[in-house]
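Please read the structure below before turning to the comments.
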Amino acid sequence: MSGPQAGWSNGDRALAAGKLMLAWVALLWLLEVVDVATGHALDGFGVTPRDPSELVDVVPSSFIHFGFAHLAANTVPLLVLGFLAALAGLRRFLLVCALIIVVDGLGVWLIAPAQTNTAGASGVIFGLFGFLLVSGFVERRPWGVLAGVLIAAVWGGSILAGLAPTQTGVSWQGHLLGLLAGVAAAFVFRRHPTAPAALTR
């Protein structure tokens with residue numbers, strides 16, 4: 001790992017990852033408080049498909065929720081998966097999240113059913129799940145592979161349920177696109193192993 005975090009201890013990385021995710025979740029809850037206080041004025045930042053004016057909402061839609069129950073359902077998985085993904089480096093984590101948010105939002109804009117309004121962090125959650133699931137295999141890191149297997153065991157059932165197109169009021173398209181974007185991010189932002197130093201004898 002290179003960059004300003006190269007000299008960080010594991011404790012430093014864990015602390016930074018924890019602070020980032022707590023701040024992220026705190027922002028989401030603050031936005032929902034503002035939304036409720038303003039008569040749900042922020043709900044308009046969700047994505048309505050195939051309306052050119054809605055393209056500006058592709059990114060904000062990942063930070064808006066339709067009520068506290070919606071937000072509460074996303075809070076724990078976002079905290080846990082985000083923390084685990086951020087442990088490997090904040091810069092890469094932010095790049096991964098940016099790719100997931102943009103690809104997921106644009107995909108929802110393209111293929112979601114007409115006359116719908118899609119918002120919420122679940123696209124990011126599914127994306128982080130996909131990223132963590134495959135990044136260990138892509139980078140051939142045994143601990144990463146083990147983490148992916150454990151994450152699949154804990155969250156796999158919920159992820160599969162979220163992909164079912166039979167659920168009403170749930171954007172399975174956003175979930176699927178987020179998952180695919182996370183898998184793609186594992187390849188795009190994969191870390192290459194450092195070549196061993198050459199020794200003579």
Item to check | Contacts of type ring pair (Phe, Tyr, Trp, His ring centres under 6.0 Å), residue F131, not counting sequence neighbours | outcome: none
Item to check | Straight-line distance of T118 OG1 to L177 CG, nearest 0.5 Å | outcome: 10.5 Å
Checklist entry - Taking only residues two or more places apart in sequence, or in another chain, which ones meet L94 in a side chain to side chain contact (heavy atoms under 4.5 Å, CB included)? => result L20
Item to check | side-chain hydrogen bond (donor to acceptor under 3.5 Å, both in side chains) involving S122 - partner list, sequence neighbours excluded | outcome: H175
For residues 107-115, dump all side-chain donor-acceptor pairs below 3.5 Å to protein atoms at least two apart in sequence or in another chain.
from: W109; atom 1: NE1; to: D51; atom 2: O; distance (Å): 2.8

Sequence neighbours left out, cut at 3.5 Å: what donor-acceptor pairs do the side chains of residues 145-153 make with other protein atoms?
none

Item to check | Partner residues of F68 under the ring pair (Phe, Tyr, Trp, His ring centres under 6.0 Å) criterion, sequence neighbours left out | outcome: W29
Checklist outcome for this item: Contacts of R50 meeting side-chain hydrogen bond (donor to acceptor under 3.5 Å, both in side chains) (sequence neighbours excluded), chain-then-number -> none
Next on the checklist: Going by the rule side-chain hydrogen bond (donor to acceptor under 3.5 Å, both in side chains), which residues pair with T166 if we only count those two or more places apart in sequence or in a different chain?
Outcome noted: none
Checklist entry - Charged N to carboxylate O under 4.0 angstrom, R191 versus E139? => result yes
Item to check | Inter-residue atom distance F93.CZ - F83.CZ, 0.5 Å rounding | outcome: 11.0 Å
Can you list, pair by pair, the side-chain donor-acceptor contacts under 3.5 Å of residues 39-49, counting residues two or more places apart and other chains?
from: H40; atom 1: ND1; to: D35; atom 2: OD2; distance (Å): 3.2

Next on the checklist: Taking side-chain hydrogen bond (donor to acceptor under 3.5 Å, both in side chains) as the definition, give me every residue that meets it alongside N74, ordered by chain and number, with sequence neighbours left out.
Outcome noted: H65
Checklist entry - Which pairs with one or both residues in residues 133-154 pass ring pair (Phe, Tyr, Trp, His ring centres under 6.0 Å), sequence neighbours excluded? => result none
Checklist entry - Who are the side chain to side chain contact (heavy atoms under 4.5 Å, CB included) partners of L106, not counting sequence neighbours? => result L55, V58, V102
Checklist entry - Can you tell me if R13 uses its side chain to pair, donor with acceptor, with the backbone of G89 under 3.5 Å? => result no
